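Structure, as structure tokens:
All figures in this text were calculated on a predicted structure; none of them were measured in a lab. Residue numbers begin at 1 in each chain, while the letters A, B, ... track the order of the sequences.
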Amino acid sequence: MPELPEVETIRRDLNAKIIGQKITAVEISAPRIVRPTLKKFKNTLIDASILSIDRIGKLLIATLDKKDIFLLIHLKMTGQLIYRDRNTIIAGGHSLFAQKFAHLPDRHTRVIFYFPNDAVLFFNDLRLFGYLQLVTSEELKIIKEKYGIEPLQKNFTLENFSAVLKNKTTSLKALLLNQNLIAGIGNIYADEICFAAGIRPMRPAKNLTGTEIKRLHSVCEKIIAKGIKHRGTTFNTFVDTAGQSGGFLRFLQVYGRGKLKCKKCPATILKIKIAGRGTHYCYRCQK
DNA sequence: CCTTGTGTTCTCCG
DNA sequence: CCGGAGAACACAAG
């Protein structure tokens, strides 16, 4: 479940590895995940170079050396981008490249990008939710406009954050997950943010006090920054571009801890369903 | 049947 | 009674 910190980790990795490299070939084994069409996708990308990789929310945006064309990559729930080149040292443990990806491609490899000097980027996805899409700058503009304010970005001010919560009857949890309002937060970080702020996730957003909103706003940035610092959370499938797990798992306070003892008090972490999502919280630490 | 990110569809309430 | 908010569903696979 890559969320903002996981996608940002991948973005930084890719920026260090594939910028300026020319795509020499593209192989697609799952045509349905590339857009607009298989033919257009291949024809456009072969011989193109990637100039930079940006991100909005959980969406990666690659700028190409082609006029008015951008490549969007969304990993959805189980997508992975794994890069390998001549300098890659394949071994286990904390080494550069995870052993379990040494034999890519495998049956979950959906798209392969080839670069000069035997460099390869694999798009792996257990399911077929993730996608790769070519868009024009006009289309990109429309897509970007739909995203809400994002933690650690300039627009994430207390004022803007308060305005997002104002008059919203929906639960805090649902609001945090709504990408049109706040970009980048998914199920894991939403639960962690609510816990860190000491606020129950089912509370109607409009009922939060000024103090709570201030605390929540601050905690959103702190948790997301900490997630990035530790290269994301690997709960199920997330890995970085070298196939390595994220380091934030050990900092999780509530996510995945249903029926276990709270890390801050003697109470038991509860797991319920809010907005159709598994939600973990401490009824004692969170009010 | 569970897991979840997001676009779409449906329902219901103010 | 209408519009919009919010819930529910669809997708996918293990």
Side-chain angles (χ1 to χ4, degrees), chain A residues 1-11 28-36 55-61 72-81 100 106-111 123-133 135 139-140 142-148 150-151 163-194 201-208 224 227 232-239 246 248-249 252 254-259 269-281:
Chain A
M1 297 81 83
E3 306 178 27
L4 193 161
E6 291 75 33
V7 181
E8 177 63 13
T9 298
I10 289 170
R11 187 192 74 79
I28 300 152
S29 50
R32 55 186 297 174
I33 70 162
V34 302
R35 308 169 184 171
R55 177 189 57 72
I56 183 163
K58 304 166 191 170
L59 182 69
L60 288 167
I61 305 163
L72 308 184
I73 302 178
H74 203 301
L75 304 172
K76 286 287 182 92
M77 291 165 62
T78 55
Q80 303 170 324
L81 284 167
K100 63 175 170 172
D106 63 20
R107 65 198 180 102
H108 298 304
T109 303
R110 313 301 184 182
V111 179
F123 178 82
N124 263 42
D125 195 2
L126 183 68
R127 305 180 192 169
L128 295 165
F129 279 10
Y131 61 85
L132 297 89
Q133 178 180 19
V135 293
E139 290 167 327
L140 178 59
I142 293 165
I143 289 167
K144 278 183 166 178
E145 279 169 359
K146 289 181 184 164
Y147 280 88
E150 179 174 317
V164 167
L165 270 69
K166 197 176 178 185
N167 298 332
K168 294 291 193 307
T169 57
T170 194
S171 66
L172 172 59
K173 173 76 181 252
L175 183 138
L176 290 173
L177 292 177
N178 187 338
Q179 303 300 301
N180 308 130
L181 300 176
I182 299 171
I185 297 172
N187 208 33
I188 297 173
Y189 292 95
D191 282 2
E192 293 301 313
I193 286 165
C194 289
M202 67 289 278
R203 291 265 304 278
K206 64 171 185 177
N207 291 357
L208 300 201
I224 295 297
T233 308
T234 299
F235 201 81
N236 291 317
T237 56
F238 170 73
V239 287
F248 194 69
L249 183 71
L252 294 183
V254 285
Y255 185 85
R257 301 196 68 251
K259 293 185 183 173
I269 299 298
L270 300 178
K271 185 180 179 189
I272 58 168
K273 199 154 249 185
I274 300 177
R277 295 291 174 244
T279 301
H280 316 72
Y281 76 104

Can you list the residues that meet the side-chain contact (heavy atoms from CB on, under 4.5 Å) rule with [X], with sequence neighbours excluded?
X: A/A275; value: A/A174
X: A/L249; value: A/T233, A/F235, A/L252
X: A/N236; value: A/M1
X: A/P36; value: A/K40, A/L134

Mind checking side chain to side chain donor-acceptor pair (under 3.5 Å) for [X] and listing every partner two or more places apart, or none if nothing turns up?
X: A/R203; value: A/E212
X: A/T78; value: A/D125
X: A/Q133; value: none

- [ ] Using chain A heavy atoms and a threshold of under 4.0 Å, write down where along DNA chain C the contacts begin and end, 5' to 3'.
- [x]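 The protein-touched segment is C/dA5 to C/dG14.
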Open item on the list: I'd like to check the salt bridge (Lys or Arg N to Asp or Glu O under 4.0 Å) partners of A/E8; sequence neighbours left out, ordered by chain and number.
Closed with: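 Result, salt bridge (Lys or Arg N to Asp or Glu O under 4.0 Å) vs A/E8: A/R11, A/R12, A/R55.
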Open item on the list: Output one letter per nucleotide in nucleotides 8-14 of chain B: B when a protein non-hydrogen atom lies under 4.0 Å from the base, S when only the sugar-phosphate is that close, - when neither is.
Closed with: -------
Task: Residues from residues 179-193 of chain A lying under 4.0 Å of DNA chain B - heavy atoms - done: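 A/Q179, A/N187, in order of number.
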Task: Within residues 123-130 of chain A, residues whose heavy atoms come under 4.0 Å of DNA chain B - done: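 Those residues whose heavy atoms fall under 4.0 Å from DNA chain B, taken from residues 123-130 of chain A in numerical order, are A/R127, A/F129.
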Task: Least distance between heavy atoms, A/E192 atom then A/Y255 atom - done: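 For A/E192 versus A/Y255, the nearest heavy atoms are OE2-N, 2.8 Å.
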